[in-house]
Amino acid sequence: MNTLYAPAKGDYFTFKNFLIPLVLSALLVALSFFNFLLFHTLAEGFAIVVGVLMCVVIWHTRYFAQHSFLMFIANGFFWVAALDLFHTLSYKGMGVFQADANMPTQLWVATRFFEALILLYAPNYLKTESSSRVRTFVTFGGVAILILGLIFVGWFPDAYIEGEGLTTFKIACEYLIIGLLIAALIH
């Protein structure tokens, strides 16, 4: 007889379900003390893979959704993942982009700001039955390309200055991003 396992209500929050993530987290923390660059690359790589896979899964299961909320977030997080990839590759010591610590810091600020705006605006799509997933994807892609262009051309404000540290712009942006995320949570 082919029956599906239906876990009881409390079965999801058992220690064994959290064992693998806890062990991986402990290994990553330990790794961060020995090779921070590898730790940073693995942590960012995980976030990038999650963002891309979220978009792929939701893109192909859109027919099951009752509204456009998940598609909006998935399209946005695909491009957040793309910007995170540039952040990771530009990180000092990676050797992909010949840049100081300013470029990855700028990319981090711009990406977190973009992500916060996506999360703030996404609840508006809870009542929208359908929206053009392609138009949303292309729009977010245009924003991501604009962000990259501003940073690579040098028109984005400095976020880190060698020998001085973080700029006032970067610190102020972090507070603004926190405010946007709180507003998104409330919204």
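Values below: every heavy atom of this structure, side chains too, minus hydrogens, waters and symmetry copies. Remember, predicted model here, so these are calculated numbers, not experimental data.
Annotation: the span from N102 atom CG to S90 atom OG amounts to 10.0 Å, rounded to 0.5 Å. Rounding to the nearest 0.5 Å places CZ of R133 at 12.5 Å from CD1 of I58. One distance of note links CG of L185 with CG of L120; it measures 11.0 Å at 0.5 Å rounding. Interatomic distance, CZ of F114 versus CG of L146, reported as 10.0 Å (0.5 Å rounding). Between the CZ atom of F18 and the OG atom of S25 there is a distance of 11.0 Å, given to the nearest 0.5 Å. Rounded to the nearest 0.5 Å, atoms CG (L148) and NE2 (H87) are 13.0 Å apart.
The aromatic ring centroids of F140 and F78 lie 6.0 Å or more from each other.
What you find for I118 and G76 is that their closest heavy atoms are CD1-CA, 3.5 Å. The minimum heavy-atom distance between N75 and T136, with the atom names listed, is ND2-CB, 3.7 Å. Across all their heavy atoms, P157 and Q106 have their closest contact at O-NE2, 3.0 Å. When every heavy atom of I151 is checked against every heavy atom of A110, the shortest pair comes out as CD1-CB, 4.2 Å. Between V57 and T61, the closest heavy-atom pair is O-OG1, 2.8 Å. Across all non-hydrogen atoms, the minimal contact from T88 to H40 is CA-CE1, 4.4 Å.
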Subject >> Audit row: H187, L119, side chain to side chain contact (heavy atoms under 4.5 Å, CB included) steps and yes/no >> reply: CA-CA 9 Å; H187 186 231; L119 292 172; over 6 Å; no
**OP:** Applying side chain to side chain contact (heavy atoms under 4.5 Å, CB included), run through L24 and I20 and close with a yes or a no.
**Re:** CA-CA 6 Å; L24 288 175; I20 291 174; 3.9 Å; yes
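Checked against ring-ring contact (aromatic ring centres under 6.0 Å, His included), F69 has no partners two or more places apart in sequence or in another chain.
For residues 143-170, the pairs satisfying salt bridge (Lys or Arg N to Asp or Glu O under 4.0 Å) are K92-E162, K170-E174, with sequence neighbours left out.
Between F46 and L42, every side-chain heavy-atom pair lies at or beyond the 4.5 Å cut-off. Side-chain contact check for I147 versus F156: every heavy-atom pair is 4.5 Å or farther apart. Proximity of L181 to R112: side-chain heavy atoms (C-beta onward) are nowhere separated by under 4.5 Å.
No donor-acceptor distance shorter than 3.5 angstrom exists from the side chain of E115 to the backbone of F77, with no hydrogens or angles considered. Without hydrogens or angle criteria, D84 side chain to T111 main chain gives no donor-acceptor distance under 3.5 Å.
The hydrophobic cluster containing L83 also contains V96, counting ILVMFWY residues as joined when their side-chain heavy atoms lie under 4.5 angstrom apart, directly or transitively. Hydrophobic clustering (ILVMFWY, side-chain heavy atoms < 4.5 Å, transitive): L107 and W155 are in one cluster. At a threshold of 4.5 Å between side-chain heavy atoms, the hydrophobic network of Ile, Leu, Val, Met, Phe, Trp and Tyr places L150 and L176 in one connected group. Both V138 and L117 sit in one connected hydrophobic cluster of ILVMFWY residues. Membership requires side-chain heavy atoms under 4.5 Å apart, directly or through other members. F113 and Y175 end up in different hydrophobic clusters when Ile, Leu, Val, Met, Phe, Trp and Tyr side chains are linked at under 4.5 Å.
Relative orientation of the Y125 and Y121 rings is perpendicular, given thresholds of 30° and 60° on the angle between their planes.
Residue L19 qualifies as enclosed at atom CG: its count of foreign heavy atoms under 6.0 Å is above 12.
Partner of W79 under the ring pair (Phe, Tyr, Trp, His ring centres under 6.0 Å) criterion, chosen from F86, F72, F137: F137.
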